[in-house]
Structure formats: structure tokens, C-alpha cells
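Below: one structure, written as C-alpha cells.
Whatever order the structure lists ligands and atoms in, that order sets their numbers, starting from 1.
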Amino acid sequence: MKKHLRLSLLAFTLSVTLFAACKDDKEEEITPNNPNNPQPAQCDTNNVTYSSTVSGIISTNCLACHSASQAEGGMILDTYARVKAVADNGKLIGVITHANGFPAMPKNGTKLSDCNIAKIQKWVSAGAPNN
Ligand code: HEC
């Protein structure tokens, strides 16, 4: 009986130690300087505007397929009014976050960075102003 108690105490101590070790590993993976895990602190969503932020992200990542001369899916995103329309109807956030029910954008390309998605989300939730 005493031996059993000692054994289970040993097992318990071991599992606590192992659990703690795993927990440490996890914390190491998300250190701020790990480029695979950019931290929110590195993404500055202050002063997000259409003209200085959103239009640049769209022009770099979307206009190759969504300009007047190349309007894939009939979608043109080259002016504030056109981007505002998809911001207001939910499609812009749906496609860039790869939400269910929306075609994932950029089509066949790499998803926008978390930071660029956060910036666009901030602009949309502010009412997608023409600023
Ligand atoms: C390589 C070409 C390509 C790129 C780059 C691209 N798209 Fe598209 N997009 C398409 C095509 C094609 C469609 C039509 C739907 C489909 O075929 O999936 C589409 C459709 C859309 C639609 C309409 C979705 C709907 O439900 O009606 C939106 C909004 C959109 N794209 C936004 C974007 C945004 C924002 C970006 C940049 C982050 C982007 N697209 C980048 C090709 C592209």
C-alpha cells in the first residue's frame, strides 16, 4: 500500500514536470522576435486611412485582377466608392479573411498579412470613411 502511494506520487510529480516543460516550449515559440509569429505590438493600426493605408494594400494585392481593364468576376476596386461598396456589404472582410461563403482573396495567392487584415478591419469598422 505504501509503495503504491509512493509510485503514484512519483508519477504525479513526473507529469507535472512534463506539463511545465511543454508549457515553456510554447512560450518560446511566440517570442516577439519570431517572424513566424508577428505580435500585435508590431502592427500599428493607428492612423489608418483609406488614402494612406487601404488603397495601397488593395493596389499592391488586388488591382492586378480588379482594375477597370482587368475586372475579374466583374469586380473593380480602383476607387474609394467601389471599395466602400464592398466594405459596406461585408464582402471585403469576407474575402480577405477567407471566411466561409466568400471566394478567398487574393485568388490563388498568399493571404494578406495579419497586420494588413487588421488595418482593413479597423477602417471598415470605422464605417469605411473617405479619409
Ligand atoms: C489573381 C486574380 C485575383 C486577385 C489578385 C484578387 N482577386 Fe478578387 N476575384 C478574382 C476572381 C476571379 C473573382 C471572381 C470569383 C471567383 O472566381 O472566385 C474575384 C472576386 C472578388 C470579389 C467578389 C466576391 C463576391 O462574393 O462577389 C471581391 C470582393 C474580391 N474579389 C476582392 C479582392 C480583394 C480585396 C483582393 C486583394 C486582397 C483580390 N480580390 C485579389 C480574382 C482575383
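With a 4.5 Å cut-off on side-chain heavy atoms, W123 and N131 count as touching. No side-chain heavy atom of T79 sits under 4.5 Å from any side-chain heavy atom of K84. A heavy-atom distance below 4.5 Å is not found between the side chains of E72 and K107. The shortest distance between side-chain heavy atoms of K111 and I117 falls below 4.5 Å. Looking only at side-chain heavy atoms (C-beta outward), K119 and D44 stay at 4.5 Å or farther from each other. Proximity of V95 to P103: side-chain heavy atoms (C-beta onward) are separated by under 4.5 Å at one or more points. Between I93 and Q121 there is a side-chain heavy-atom pair separated by less than 4.5 Å.
Contact annotation: for M75 versus ligand 1, heavy atoms closer than 4.0 Å belong to the side chain alone. Residue contacts with ligand 1, taken as heavy atom pairs separated by less than 4.0 Å, involve C62 via backbone and side-chain atoms alike.
Taking backbone and side-chain atoms together, M105 has an N/O/S atom less than 2.8 Å away from atom 8 (Fe) of ligand 1. Within the 2.8 Å limit, H66 places at least one N, O or S atom next to atom 8 (Fe) of ligand 1.
In terms of protein heavy atoms, atom 41 (C) of ligand 1 is closest to P106 CA, 3.5 Å. Counting protein heavy atoms only, atom 42 (C) of ligand 1 is closest to K107 CB, 3.5 Å. Scanning all protein heavy atoms for the shortest distance to atom 24 (C) of ligand 1 gives P103 CG, 3.6 Å. C65 SG, 2.7 Å is the protein heavy atom nearest to atom 1 (C) of ligand 1. The protein heavy-atom contact nearest to atom 14 (C) of ligand 1 is G73 CA, 3.6 Å.
Between N116 and the choices I96, T60, I57, the side chain to side chain contact (heavy atoms under 4.5 Å, CB included) rule is met once, by I57.
Taking the six-membered ring where tryptophan is involved, the planes of Y50 and Y80 are perpendicular, since the angle between them exceeds 60° and thus also 30°.
Using a 4.0 Å cutoff on heavy atoms, L77 counts as a contact of ligand 1. Remark: distances from the non-hydrogen atoms of N61 to ligand 1 include one below 4.0 Å. Residue contacts with ligand 1 do not include N108, since none of its heavy atoms lies under 4.0 Å from the ligand.
A single hydrophobic cluster is seen to contain both F102 and I58, as judged by linkage of ILVMFWY side chains at heavy-atom distances under 4.5 Å, directly or through other members.
Taking every non-hydrogen atom of L92 and a distance limit under 4.0 Å, the qualifying atoms of ligand 1 come out as 35 (C). Atoms of ligand 1 found under 4.0 Å from any heavy atom of V95, numbered from 1 in the order shown, are 32 (C).
Between the choices R82, K91, E72, the shortest heavy-atom distance to atom 11 (C) of ligand 1 belongs to E72.
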